[in-house]
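These notes are about the structure you will find just below.
Order of the sequence lines sets the chain letters (A, B, ...), proteins ahead of strands, with each chain counted from 1. Atom set for the values below is all heavy atoms of this structure, side chains included, hydrogens, waters and symmetry mates excluded.
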2 protein chains.
Amino acid sequence: MKYNHTEAIEKATQLFWQKGFQASGMRDIQHALDMRPGSIYARFKSKDVLFQTVVEQYNECNRRKLVEVANAVSPINALREFIITPLTGSEDKRYARQCLLVKTIPELDLLGINCQQVVMEGITTSRECFILVIESAIDKNELPANTPVSNAADWLMNQFIGLRAYASINDDDMGIKFMVDKLFIDLTSAWPETQALSE
Amino acid sequence: MKYNHTEAIEKATQLFWQKGFQASGMRDIQHALDMRPGSIYARFKSKDVLFQTVVEQYNECNRRKLVEVANAVSPINALREFIITPLTGSEDKRYARQCLLVKTIPELDLLGINCQQVVMEGITTSRECFILVIESAIDKNELPANTPVSNAADWLMNQFIGLRAYASINDDDMGIKFMVDKLFIDLTSAWPETQALSE
DNA sequence: GCTTTACTTGAACACTTGTTCAAGTAATAA
DNA sequence: TTATTACTTGAACAAGTGTTCAAGTAAAGC
């Protein structure tokens with residue numbers, strides 16, 4: 001049977017996402033990819049680099065989806081879809097409710113320095129994409145023009161992260177729906193005074 | 001030098017809070033407590049039970065603080081204080097910005113079943129205390145009477161968790177202040193329609 | 001003083017971890 | 001067929017983990 005790169009990375013992603021970096025032992029990986037240690041080390045230099053490859057793909061996928069949201073006819077509706085999708089995944093994909101990057105942060109200093117960078121880049125990129133979404137929503141009159149873009153993007157991203165963490169340990173679908181609804185009420189409601197830039 | 005139980009647990013708390021359960025090796029613990037393995041195992045049955053003891057104390061401390069907030073003259077003001085305190089800890093106590101329980105959740109199944117239970121109890125208790133706080137605030141006319149207590153408590157707790165996670169990887173004090181202000185605006189603003197109980 | 005009890009020590013143990021590499025197998029080229 | 005190249009295998013390794021326990025030390029009781 002021939003080796004399939006895409007499939008191997010998919011399997012690795014699934015494992016890392018479920019168990020985290022540290023808890024996914026090389027023996028688990030060997031089993032998941034149905035490959036022997038030598039083969040794995042021939043293709044990926046180490047467990048660390050394998051994980052990095054996984055995260056790189058995760059980031060790219062994430063970025064693409066968020067740009068789509070920003071370019072949608074109704075960014076707010078698209079955003080709602082984007083947010084709800086991972087929260088309501090079926091039981092067998094529950095592990096995907098939690099963000100892989102967020103899950104990785106506590107393990108950050110177990111990773112090689114390059115790998116750490118890739119993880120942090122993913123977060124930075126996400127933040128930038130959320131800014132795009134908000135700008136686009138303002139542009140299309142779905143959000144008030146005086147929305148404080150940068151702060152609101154931080155806020156929005158944090159809300160999303162919090163929601164995913166909540167959903168990953170909480171089954172109550174009604175509760176999740178409540179929180180999402182609340183998020184969109186608050187998104188369009190008042191913002192705190194932002195400090196003047198110079199003083 | 002005589003053994004000091006309180007101090008030992010304090011040191012252990014600090015270590016676990018900084019590095020997490022798994023990453024705190026027995027050798028780290030030995031060094032932090034300045035005790036040899038045999039002594040540690042004589043007092044605490046295992047690393048697991050030591051961690052459990054730490055979490056039990058953490059939970060009790062947390063509960064006490066939240067009950068104080070509920071019983072304060074102005075629960076909302078007390079709540080603001082309660083929320084801001086861990087977010088603005090000095091640089092050398094940055095580790096305490098993240099909630100110990102939240103930090104532990106990803107490692108939950110490395111723990112013994114009793115220890116797992118103690119961690120989950122901590123979260124449940126927190127939730128119950130947040131309900132008390134909201135009820136008290138309604139009672140004292142600081143929140144509208146139609147606030148959906150249970151859902152709002154879930155929401156509030158999740159906001160707090162999210163904020164602590166944000167503050168633990170983000171230095172920007174102005175950004176943190178912005179988020180806290182936003183939280184209190186949203187706390188007193190509109191809530192989504194809650195589904196009827198029977199249908 | 002001596003005996004008994006309580007506590008401490010740290011080398012050693014069994015097990016798990018990520019990683020290596022000589023040997024083996026399959027595919028391709030001549 | 002034979003020679004060369006590309007890839008795979010899995011036992012073995014070094015370093016790390018939580019834990020044990022026989023031996024040692026200090027304290028308390030008489």
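In this structure, the CG atom of A:L110 is 14 Å from the C1' atom of D:dT17, given to the nearest Å. One atom, CG of B:D48, and another, C1' of D:dT17, lie 15 Å apart when rounded to the nearest Å. Nucleotide C:dG10 holds its C1' atom 16 Å from the NE2 atom of B:H31, rounded to whole Å. Rounded to a whole Å, the CG atom of B:N4 is 16 Å from the C1' atom of C:dC7. Distance A:I40 CD1 to D:dC7 P: 16 Å, rounded to the nearest Å. As a whole-Å value, the separation of A:Q22 CD from C:dT16 P is 15 Å. If you measure from atom CE of B:M26 to atom C1' of C:dC13, you get 15 Å, rounded to the nearest angstrom. Atom-to-atom, CG of A:L50 to P of C:dG18 comes out at 12 Å; the value is rounded to the nearest Å.
When ring centroids are compared, B:F51 and B:F44 stay outside the 6.0 Å threshold.
The side chain of A:R27 approaches C:dT19 more closely than any other nucleotide in the set D:dG18, D:dT8, C:dT19. Listed nucleotides C:dT8, C:dT9, D:dT19 differ in distance to B:K47; the shortest reach to its side chain belongs to D:dT19. Considering only side-chain atoms of A:P37, the nucleotide from D:dT8, C:dG18, D:dG10 that sits closest is D:dG10.
Between A:R36 and the phosphate of D:dA11, there is no side-chain N or O to OP1/OP2 separation shorter than 4.0 Å. Of the side-chain N and O atoms in A:R43, none sit less than 4.0 angstrom from OP1 or OP2 of D:dC7. The shortest distance between the side-chain N/O atoms of A:Y41 and the OP1/OP2 oxygens of C:dT20 is not below 4.0 Å. Note on B:S39: every side-chain N or O is 4.0 Å or more away from OP1 and OP2 of C:dC7.
When the nearest nucleotides of DNA chain C are assigned to A:S24 and B:A42 by heavy-atom distance, the more 5′-ward of the two goes with B:A42.
Checked against salt bridge (charged side-chain N to carboxylate O under 4.0 Å, His left out), B:D109 has no partners two or more places apart in sequence or in another chain.
Base contact: A:G38 has a heavy atom under 4.0 Å from a base atom.
Seen from the ring of B:Y41, B:K47 does not count as a face-on cation partner, given the 6.0 Å and 45° thresholds.
Aromatic ring pairs are classed by plane angle as parallel below 30°, tilted from 30° to 60° and perpendicular above 60°; the pair A:F21 and A:F16 is parallel.
With hydrogens and angles left out, the side-chain atoms of B:N62 and B:S126 include a donor and acceptor closer than 3.5 Å.
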